[in-house]
Enquirer: 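Take a look at the following structure, please.
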There are 2 protein chains.
Amino acid sequence: MRVHYKHTSRILLALDCIIFGFDGEELNLLLIKRNFEPEYGKWSLMGGFLGEQEDLEEASRRILYNLTGLDSNYLEQFQTFGAVDRDPVERTVSVSYYALVNIEEQDGNAIRAHNASWISLKNRPALIFDHDSIVDAALQRLRYKAALHPLGFELLPEKFTIPQLQKLYEAIYDTSLDRRNFSRKILSTGLLQSTGEKDANSVTKKAQLFTLNTEEYLKFQNGFFNFLPELTLAESI
Amino acid sequence: MRVHYKHTSRILLALDCIIFGFDGEELNLLLIKRNFEPEYGKWSLMGGFLGEQEDLEEASRRILYNLTGLDSNYLEQFQTFGAVDRDPVERTVSVSYYALVNIEEQDGNAIRAHNASWISLKNRPALIFDHDSIVDAALQRLRYKAALHPLGFELLPEKFTIPQLQKLYEAIYDTSLDRRNFSRKILSTGLLQSTGEKDANSVTKKAQLFTLNTEEYLKFQNGFFNFLPELTLAESI
DNA sequence: TCAAAAGTGTTTAAAGTACACCCATGA
DNA sequence: TCATGGGTGTACTTTAAACACTTTTGA
């Protein structure tokens with residue numbers, strides 16, 4: 001016979017994934033238009049319940065994989081939400097993870113099957129439950145962390161140009177950066193590896209394509225670094 | 001009749017508090033020597049289960065208050081732990097909070113009643129379950145955040161000297177800092193307010209006592225700032 | 001008057017910032 | 001040949017880092 005704790009109530013434990021993608025211009029969220037109850041027809045984050053034999057990260061990877069067909073992306077737990085009435089159906093505590101996804105690599109079929117779409121972060125519709133505030137918190141965390149760690153690359157294709165990287169940072173912080181200083185700062189990290197190739201899509205002068213120097217990248221994941229000129233993050237963790 | 005989600009299992013949800021204190025020399029943890037089962041006689045973090053009508057932060061404040069008699073201190077959620085076998089009695093997911101406590105202000109009686117003691121972080125005994133790794137994670141988070149935000153003050157008495165503050169940072173990072181540069185850096189933030197008084201305890205030249213400029217402090221909580229000369233944090237969030 | 005700790009100053013190096021100029025490309 | 005965007009350079013300012021000297025205190 002298994003022993004159990006007494007006099008304590010058990011509760012539903014959900015996981016919600018905030019999935020960020022970058023389309024070259026804007027930061028996007030992968031959202032689901034619900035074709036199931038409750039809140040049929042409304043938009044929500046991708047979520048699910050914790051399985052009996054699953055770790056938290058394992059469960060959120062499962063959710064991410066089912067939706068996007070991706071399994072090896074940047075995924076980080078960032079906050080657990082547990083307001084008593086956050087879910088009107090039944091009390092549910094949500095452990096939230098945010099994911100950074102290369103928008104070109106995900107599986108369009110899996111996404112359509114889940115009735116999901118990429119939606120511009122700026123123009124997103126209202127979401128169900130407390131998902132709006134979860135998204136706000138995830139964006140704050142992304143902004144905070146991306147200023148100090150080289151996360152941005154996770155949102156770009158394997159080969160990318162410095163102007164693309166800059167556009168990404170500008171989208172994350174909803175700001176504009178000086179081209180010349182940004183370039184110098186990024187190059188000085190040693191994170192970029194030249195491929196010798198050039199971006200064929202460009203209309204004017206073609207920018208050089210770089211890949212990430214994975215060795216340096218792993219070092220930088222732990223140490224940290226300022227990726228922005230002025231650290232004027234309005235809000236932070 | 002209330003609606004419920006189907007086909008999903010409910011789970012125990014605990015909260016664990018990692019309570020940091022500073023005694024003037026070392027960083028300390030408030031730990032409990034358990035006089036109850038399971039793991040009778042072993043050391044653990046202070047924890048408890050989520051009440052049916054409690055928010056997460058509310059519950060962890062309750063736990064903190066019961067133990068220390070303090071209610072208004074720095075308390076921040078930092079990570080949720082959910083490995084399947086982390087609690088051998090029954091599966092339990094733990095939402096963990098770390099707290100910064102002014103060691104002089106807590107309630108000695110409440111602490112003794114819970115069989116708790118302040119234990120040096122460096123020389124702490126092994127803890128039950130996964131509490132060792134929770135403490136490691138909390139220390140990492142504290143180090144990360146204290147380098148960029150003025151948290152340290154929460155661990156000091158209302159009136160404190162710059163050398164005391166420096167000792168605190170040296171304890172947090174287990175390092176030594178240059179007195180002169182540290183002093184200049186701290187003063188340049190405008191966070192300190194002179195009281196005109198001097199530290200009577202000092203044996204040699206008496207250092208000035210400062211209080212926190214709460215107005216500036218609130219600004220800095222959001223913006224951020226480097227409190228250390230070299231940001232060589234071995235590990236981070 | 002001496003040792004120990006606090007307080008202030010200075011010099012140098014590195015980083016951040018704001019610019020200007022030239023180059024490649026396709027219409 | 002012109003507009004657009006990419007690439008490189010430079011001068012200026014701010015901040016960080018390393019270091020030396022003076023002051024206060026109680027024994």
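Sequence lines set the chain letters: A, B, ... in the order given, protein chains first and strands last, and positions in each chain run from 1. Values in this document were obtained by computation on a predicted structure and should not be read as measured data. Values below: all heavy atoms of this structure, side chains included; hydrogens, waters and symmetry mates excluded.
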Enquirer: Figure out the CG/C1' separation between B:N201 and C:dA6, and round it to whole Å.
Expert: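 After rounding, the reported distance stands at 15 Å.
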Enquirer: What is the distance, to the nearest angstrom, from the CD1 atom on A:I186 to the P atom on D:dG6?
Expert: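 Going from A:I186 (CD1) to D:dG6 (P), I get 15 Å.
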Enquirer: In whole Å, what is the span from the CD atom of A:Q208 to the P atom of C:dA24?
Expert: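 Distance, rounded to whole Å: 12 Å.
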Enquirer: Do B:Q164 and B:D199 have side chains that approach each other closer than 4.5 Å (heavy atoms only, starting at C-beta)?
Expert: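 The answer is yes, as the side chains (C-beta and beyond) meet within the 4.5 Å cut-off.
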Enquirer: Could you say whether A:N181 or A:S202 is positioned toward the 5' end of DNA chain D, judged by the nucleotide with the nearest heavy atom to each?
Expert: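 Going by which nucleotide is closer to the 5' end, it is A:S202.
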Enquirer: Has the side chain of B:R180 got a donor or acceptor that lies under 3.5 Å from a partner of the other kind on the base of C:dG7?
Expert: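 Between C:dG7 and B:R180, which were checked side chain against base, a qualifying N/O pair under 3.5 Å is absent.
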Enquirer: Between C:dA5 atom P and B:K167 atom NZ, what is the distance in whole Å?
Expert: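 In whole Å, C:dA5 P and B:K167 NZ are 8 Å from each other.
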Enquirer: Nearest-Å distance, CZ (B:F182) to P (C:dT8)?
Expert: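 About 15 Å, once rounded to whole Å.
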Enquirer: Considering heavy-atom distances to DNA chain C, does A:R184 or A:K205 have its closest nucleotide positioned more toward the 5' end?
Expert: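 Mapping each residue to its closest nucleotide by heavy atoms, the 5'-most match is A:R184.
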Enquirer: Determine whether a donor-acceptor pair (one donor, one acceptor, N or O, separation below 3.5 Å) exists between the side chain of A:R179 and the base of D:dG5.
Expert: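 Looking at the base of D:dG5, it does not pair with any donor or acceptor on the side chain of A:R179 (distance under 3.5 Å).
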Enquirer: Taking the nucleotide of DNA chain C with the nearest heavy atom to each, does B:T161 or B:D178 sit closer to the 5' end?
Expert: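 In this pair, the answer is B:T161.
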Enquirer: Measuring centre to centre across the rings, with the benzene-like ring taken for any Trp, is B:Y65 within less than 6.0 Å of B:H114?
Expert: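 No: the rings miss the under 6.0 Å criterion.
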Enquirer: I need the CG-P distance between B:D199 and C:dA6, as an integer number of Å.
Expert: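 Roughly 9 Å, once rounded to whole Å.
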Enquirer: How long is the line joining NZ of B:K185 and P of C:dG7, in whole Å?
Expert: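 After rounding, the reported distance stands at 19 Å.
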Enquirer: Are any of A:K206's side-chain N or O atoms less than 4.0 Å away from OP1 or OP2 of D:dG5?
Expert: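 Checking A:K206 against D:dG5: no side-chain N or O falls below 4.0 Å of OP1 or OP2.
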Enquirer: For B:K206, enumerate each residue passing the salt bridge (Lys or Arg N to Asp or Glu O under 4.0 Å) test, keeping only those at least two apart in sequence or located in another chain.
Expert: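 Salt bridge (Lys or Arg N to Asp or Glu O under 4.0 Å) list for B:K206, sorted by chain: empty.
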Enquirer: When the nearest nucleotide of DNA chain D is assigned to A:I162 and to A:T204 on a heavy-atom basis, which residue is associated with the more 5' position?
Expert: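 Comparing both residues, the 5'-ward one is A:T204.
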Enquirer: Determine the interplanar angle of the B:F153 and B:F160 rings, folded into 0 to 90°, and report it as parallel if under 30°, tilted if 30 to 60°, perpendicular if over 60°.
Expert: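 Aromatic pair B:F153/B:F160 classed tilted.
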